[in-house]
Amino acid sequence: MKYQACVAGRDTQVSIDKEGVHLGTLFLDYANVAALREHNHRVYIDTLAGESIEISMLGFSYDGFWEELTRCFATRSLEALFVEEEQLMLCEGEYALPQDSARGIIALYTDSVCILPQNRHAVRIALCFTEAIDLNGYTITITMLSGVQYSFGKMGYDTKPFYERLTKAAAKVKQTRQKLLEQAPLRAPFTHKGLFRTAQGEQYWNAAMRAGSCALELFTEEDTATYLYRFSEPAEQFLLNLREATEAMGIHREIIYLPEEKIAANPLYRMAVARSEAVRFLRARSDGRLIHNASHAQRLEEYLDK
């Protein structure tokens, strides 16, 4: 939909699409947005460059404009977090993240909870790695196996139903994942295995770990390579983070090894790097790839023995 508004003191036609906002002849990609704000019937778009764009004089279209803008921004954030599963419940409430607290959209999916603020701090919480889910009054707190906590709530009458559906979904996804993981083979010289998204048991990985190094072999429908990582944290902590990161990424492996200039040229990938701790974790430790050929086994052993 197109809106007539005042942008930076000028009458401007504004429109919103799934990738960004058209402000006259200027297109602002959501990848460049730090936050969306509203105050006194004015909308402010804060950019990562430090600019604040004021949109005013929307008249009776104000509510519709704000609803469409925040909805499209949230939908794009979900794409950047690689959320592809079925949505079970959608609410609005207060949240507290390690880096932010405010009010935003809280969405329950078959395998995750997504918190979608009106800024760049959107997160996807994988239910298969939850250690505890607690309801205290009107606040739900999720504690991950890694010890990280996420809190959200004050969703009115939706709080308790959300909690009940959330606990059922978490129990189901853990049970399903465990059954599928047991069926996934472990092939020498690899010593650990895991799944990508829980519903896709045919897509799994094997990992070989030595002191400070890890080789990750992906088993999918496509031909692939062995992905290499270097790490300095304790091996148990690295493996825990690796399991969470591979689940968050699914099979979207290209973003892990692309150079910075190609990430910068792809708006969705830039959003993914900004929003996903999993992406940043894997990119920071990436140490290249081994292409499958006749010398693959030898080169793999040589890398692990370094």
Side-chain angles (χ1 to χ4, degrees), residues 14-36 45-53 68-85 97 99-100 104-105 107 109 111-112 114-126 196-197 200 203 205 216 218 220-230 241-242 244-291:
V14 180
S15 62
I16 301 167
D17 68 27
K18 66 178 184 178
E19 297 179 358
V21 184
H22 297 269
L23 305 166
T25 58
L26 171 69
F27 176 71
L28 179 64
D29 197 287
Y30 294 130
N32 298 322
V33 173
L36 306 174
I45 303 178
D46 299 330
T47 71
L48 296 178
E51 183 183 8
S52 184
I53 301 172
E68 184 180 5
L69 176 63
T70 54
R71 174 173 48 81
C72 289
F73 182 71
T75 300
R76 189 63 165 168
S77 293
L78 288 170
E79 291 183 42
L81 291 171
F82 308 117
V83 177
E84 301 163 351
E85 289 70 30
L97 308 176
Q99 70 275 42
D100 184 31
I105 296 172
Y109 292 82
D111 67 348
S112 65
C114 292
I115 300 177
L116 304 169
Q118 293 157 4
N119 57 40
R120 65 196 298 237
H121 294 149
V123 296
R124 175 185 176 272
I125 306 166
F196 298 109
R197 293 299 168 85
Q200 300 168 334
Q203 298 175 347
W205 55 263
L216 190 72
L218 312 186
T220 67
E221 296 88 350
E222 302 175 10
D223 291 334
T224 187
T226 306
Y227 293 78
L228 308 175
Y229 299 94
R230 290 285 181 189
N241 293 340
L242 179 68
E244 291 194 9
T246 53
E247 193 279 341
M249 291 299 303
I251 60 171
H252 303 279
R253 61 186 182 274
E254 182 186 44
I255 193 174
I256 301 306
Y257 59 81
L258 283 179
E260 290 295 333
E261 59 270 20
K262 291 194 175 182
I263 293 292
N266 187 316
L268 187 61
Y269 280 2
R270 279 192 286 127
M271 289 185 73
V273 171
R275 285 158 177 75
S276 177
E277 180 65 29
V279 173
R280 295 192 296 273
F281 172 84
L282 293 173
R283 283 183 64 82
R285 290 157 181 78
S286 178
D287 198 32
R289 294 178 290 164
L290 291 179
I291 303 301

Please walk me through it: do Lys262 and Glu254 pass salt bridge (Lys or Arg N to Asp or Glu O under 4.0 Å)?
-> CA-CA 11 Å; Lys262 291 194 175 182; Glu254 182 186 44; over 6 Å; no
Gap separating the CG atom of Asn119 from the CG atom of Asp100, nearest 0.5 angstrom = 4.5 Å
Is there side-chain contact between Ile125 and Ile115, with heavy atoms separated by less than 4.5 Å?
-> yes
Side-chain heavy atoms of Arg76 within contact of Leu268, under 4.5 Å | yes
Residues 24-32, side-chain donor-acceptor partners within the protein, below 3.5 Å, at least two apart:
residue, atom, partner, partner atom, Å
Asp29, OD1, Ala31, N, 2.8
Tyr30, OH, Asp17, O, 3.0
Asn32, OD1, Arg270, NH1, 2.7

Is any side-chain heavy atom of Arg120 less than 4.5 Å from a side-chain heavy atom of Leu48?
-> yes
Side-chain touch Thr246/Leu216, heavy atoms, less than 4.5 angstrom = yes
Under 3.5 Å, side chain of Arg197 to main-chain N/O of Gln203, donor-acceptor pair present?
-> no
Decide side-chain contact (heavy atoms from CB on, under 4.5 Å) for Ile255 and Met249; before the verdict, give the C-alpha distance in whole Å, the side-chain angles of both, and the deciding distance to 0.1 Å.
-> CA-CA 9 Å; Ile255 193 174; Met249 291 299 303; 3.1 Å; yes
Kindly indicate whether a cation-pi arrangement holds for Arg253 with Tyr227, taking the cut-offs as under 6.0 Å to the six-membered ring centre and within 45° of the axis.
-> no
Considering all heavy atoms of both residues, which atom of Val123 and which atom of Leu81 are nearest to each other, and what is their separation?
-> C-CD1, 3.7 Å
If you measure from CE on Met271 to CG on Leu78, what distance do you get to the nearest 0.5 Å?
-> 9.5 Å
CZ (Arg289) and CG (Leu218) are apart, to the nearest 0.5 Å, by 10.5 Å
Working to the nearest 0.5 Å, report the span between CG of Leu228 and CZ of Arg285.
-> 15.0 Å
Among all residues two or more places apart in sequence or in another chain, which pass the ring-ring contact (aromatic ring centres under 6.0 Å, His included) test with Phe82?
-> His252
Flag the pair Arg124 / Asp111 as yes when at least one side-chain heavy-atom distance between them is below 4.5 Å, and no otherwise.
-> yes
CD1 of Ile105 to CD of Gln118: how many Å apart, nearest 0.5 Å?
-> 7.5 Å
Considering only heavy atoms from C-beta outward, does the side chain of Asn241 approach that of Glu277 to under 4.5 Å?
-> no
Do Thr47 and Val33 come close enough that some side-chain heavy atom pair is under 4.5 Å?
-> no
For the pair Ser276 (side chain) and Ala278 (backbone), establish whether a donor and an acceptor sit closer than 3.5 Å, ignoring hydrogens and angles.
-> yes
Is the side chain of Ser77 donor-acceptor paired with the backbone N or O of Phe73 at a distance under 3.5 Å, no angle test?
-> yes
